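Down below is the structure, laid out as structure tokens.
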Amino acid sequence: MKLNKKQLFHIAEDFFQQQGWTAFPFQKMTWDAFLAGKHGLLNAPTGSGKTYALWVAIVLNYIKNNPDYKTKLKKGLKAIWITPLRSLSNEIEQTSQRFVDGIGLPFTVGIRSGDTPTAERKKQMKSMPDLLITTPESLHLLLASKDHQKFFGNLNAIVIDEWHELLGTKRGVQMELGISRLLGLSQELRVWGISATIGNLEQARQVLLGVDESRFRESVLIKANLKKEIEVKSIIPESMDKFPWRGHLGLHLMKEVVDIINSSKSTLIFTNTRAQCELWFQGLMTNFPELAGEVAMHHGSINKETRIWVENAIRNESLKACVCTSSLDLGVDFAPVETIIQVGGPKGVARFLQRAGRSGHRPGETSVIHFLPTHALELIEASALQKAVSTQAVEDRLPYILCFDVLIQYLCTLAVSGGFYPDEIYPEIKNTFCYASITEDEWDWCLRLIVHGSSSLQSYDEYKRVTIEEDGKYVITDRKVAMRHRLQMGTIVTATDVTVKYVTGGYIGSIEEYFISKLSRGDVFVFAGRTLEFIRLKGMVAQVRNSAKKRAQVSNWQGSKLPLSAQLGELLREEMINFQTGKKRTPEVKALRDIIIRQQRESIIPQRDQFLIETFKTREGYHAVFYPFEGRFVHEAMAGMIAYRISLLKPITFSLAFNDYGFEILSDQEFDMQEVLDNNLLTPEMLSQDLQSSMNATEMARRKFRDIAVISGLVFTGYPNKLIKTKHLQNSSQLLFEVFRDNEPENLLFRQAYTETFEQAIEEYRLFDALERIQNQEIIWKACEKPTPFSFPIITDRLREKLSSEKLADRIKRMQLQWE
DNA sequence: GACCTGCTGCGGTATG
């Protein structure tokens, strides 16, 4: 006899009552939808009880079909819980175990990730727990095991937690593929995702479920709608005298930060880079030694033990403050942090809200975030962020389309796992969002690649990974190929790190090989909050000792650059209106008053329907500065494009500079801005062609190709603890890039490098939108006497790109040849 | 005269 819905809900509600909770409406909605056999996406923030929403649903559904659950338990895996962060596993495990224990269900809960001991993993292979908590990568490793089919036959549910973190990344694509296979292996499977608020939630559901219409129709989108009050406070100094016009560190406001730390139980200080994190920590220790032992530091390159120690110290409130990077965006759930400080522009609304949400982490509590502007113009950003909190207009996460490198890796995974039949797998692939538009030719190309290598690599055996058996099954039988594949699964490609250790043995963390290679014996550098003397590089280990020297260089990393998001750019443009003299009298406006007056005297404050261009002459030459507020990638491309278009009117050399707010073109020759405007050089027409001619797209694509080559398995990164040096890796991937460029430009992986360049490094769509917008704006050209306050951060930018007139002439000639 | 940049995340063999 089956239990009805009312009886089932009773089981859950009794448990909730025991705990002293009441179920939220969104939790009950989730139970309801799941019991009705639906797939879905749940939009709920961390700490809202989202784990209980889905895990309870899964359990109730099992009980529904197995009423004598307390005595008779079917063996085997019933649900998989995917988390993008290993460190979240334990919490999910505890939450889940608490519920099944509470209702007396003999379910077992297990974790499988890189941290799981070998013995435990072997045990799992013999007998899987009822719930397995794992990562996308570990799931694929399971899919690569010989008898994986037997694990998944009775799988009822897969939950992708933090789906917004995966969406828009290649890990997300890998997840789509994993889901597609599990749907093929298990008829009863329900697919659920959990996502924080993003701009494109509907699309997030689509990507999760694939393009099968009937599956989408059987799905729901449930929004938790838990209102969260967020209070934003700008950190503004008493006097603006020492406030820099440019800069990004914000150290001049350290005293104000210490006041906040002292008046709060616990504070997280978010910085934008690891080097900045080191500098802030160092600064606090030297200027406020009384804080020693009360303030810690946390970023991605610090050794794991230290990080875990810090996270626990935050949890049990034994720390006053912690300086960190995005490494603390997630994790440390339910930690009682009282106050958040954001140092410098957060670059996006979603990131700002997420960080704000780390404080007041209990229902009904207000989150408090202090924003620290690192230079004068960031006061406008401070003001825009206040508005961002009320409008909650968060960014989209754009999913990848036709990611051939991940597909090729996946096909090899299936080939390792005992083999696959293309006809069986192709429909599954076609049903994913990422590969919905793949053509049969492209599919065949991928199959050929793994069997024969690409057309220009056919004579090299190492690229022939897969063989076709008589019945048409694609398999990898070579043990070495299989092993190398397992070693290199996943889509995260990072620079090769060097381990930093004391000569005496203590492990401190890791730094990029690139930084270490610049050091010589005796050099002193700051890392992990310590001042260290470099002694020698031994293999991939940098040996160091403590140093008492005062002067030291700060470690830095070649991390990726985050441009200002479109949403925040738009808010910024809108916010300008409040900064005209005589308008609102907020603290930000008051603080910026002197600069605004000066800006208005020399030029104007552009309003939302105006596009400002300033020109002026200095010792350096003739400057033209443009202010689209579209983030540095778009500005870099736009600067190159306009410089190129002007050079078509007359041969001229430009230096380019750009930041998140605008860009500058500079020449030692005078050029006529009126002519630029008359010729409509800001038009989106011919954009792609002009970008091709003005950007060094080949160089950018070459860099992108390295990751693609690694993910698709064309380049091997080495054995653990014996990693191949970045330089060698680059050499081999560059070699392939050139072979493809010269011999087979139709190569899908080679083409993918260009697609990714235009989409991510140039943000072509956004550039196009920006140019369209400018077409509809009133263009205001101000011929100024001297540099304006707005232009200052841009023109002093040390990043200069020389685009020589000669090179341009070459390009023009080439283009002319093409037209003839 | 003001200035020095660039996040996060996962995985793991064979052999001595």
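What you see is a predicted model, and the numbers here were worked out from it, not measured in a lab.
Distance A:M175 CE to B:dG9 C1': 15 Å, rounded to the nearest Å. Rounded to whole angstrom, the span from the CD atom of A:E165 across to the C1' atom of B:dC7 amounts to 11 Å. At whole-Å resolution of the value, CG in A:N272 and C1' in B:dG6 are 8 Å apart. The distance from atom CG of A:L564 to atom P of B:dG6 is 18 Å, rounded to the nearest whole Å. The CZ-C1' distance, from A:F352 to B:dC7, rounds to 17 Å in whole Å. Note: CH2 (A:W280) to C1' (B:dT5) measures 15 Å, nearest angstrom. Rounded to an integer number of Å, the gap from NE2 of A:H298 to C1' of B:dT8 is 11 Å. The interatomic distance linking A:W557 (CH2) with B:dG9 (C1') rounds to 17 Å, in whole Å.
Comparing B:dC4, B:dG6, B:dC7 against the side chain of A:T325 picks out B:dC7 as the nearest.
Residues meeting the ring-ring contact (aromatic ring centres under 6.0 Å, His included) test with A:F371, sequence neighbours left out: none. Take A:Q488 and apply the side chain to side chain donor-acceptor pair (under 3.5 Å) test, not counting sequence neighbours, and it matches A:T717. Looking at residues two or more places apart in sequence or on another chain, you find no salt bridge (charged side-chain N to carboxylate O under 4.0 Å, His left out) involving A:E614. Qualifying side chain to side chain contact (heavy atoms under 4.5 Å, CB included) partners for A:Q282, counting only residues two or more places apart in sequence or in other chains: A:V526, A:T531. Not counting sequence neighbours, A:E512 has no partner by the salt bridge (charged side-chain N to carboxylate O under 4.0 Å, His left out) test.
Distances shorter than 4.0 Å separate none of the side-chain N or O atoms of A:R307 from OP1 or OP2 on B:dT8.
In this structure, the ring of A:Y719 has its center less than 6.0 angstrom from the ring center of A:F716. Not less than 6.0 angstrom separates the ring centroid of A:W309 from the ring centroid of A:H298.
A:S560 comes within 4.0 angstrom of a base, heavy atoms only. Using a 4.0 Å heavy-atom distance criterion, A:H299 is classed as a sugar-phosphate-only contact. Within 4.0 Å (heavy atoms only), A:R274 reaches sugar-phosphate atoms of the nucleic acid but no base atom.
Looking at A:S326, its side chain comes within 3.5 Å of the base of B:dC7 through a donor and an acceptor atom.
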remark   = Reading nucleotides 10-16 of chain B from 5' to 3' and marking B where a protein heavy atom lies under 4.0 Å of the base, S where only the sugar-phosphate is that close, and - otherwise, the string is BSBBS--
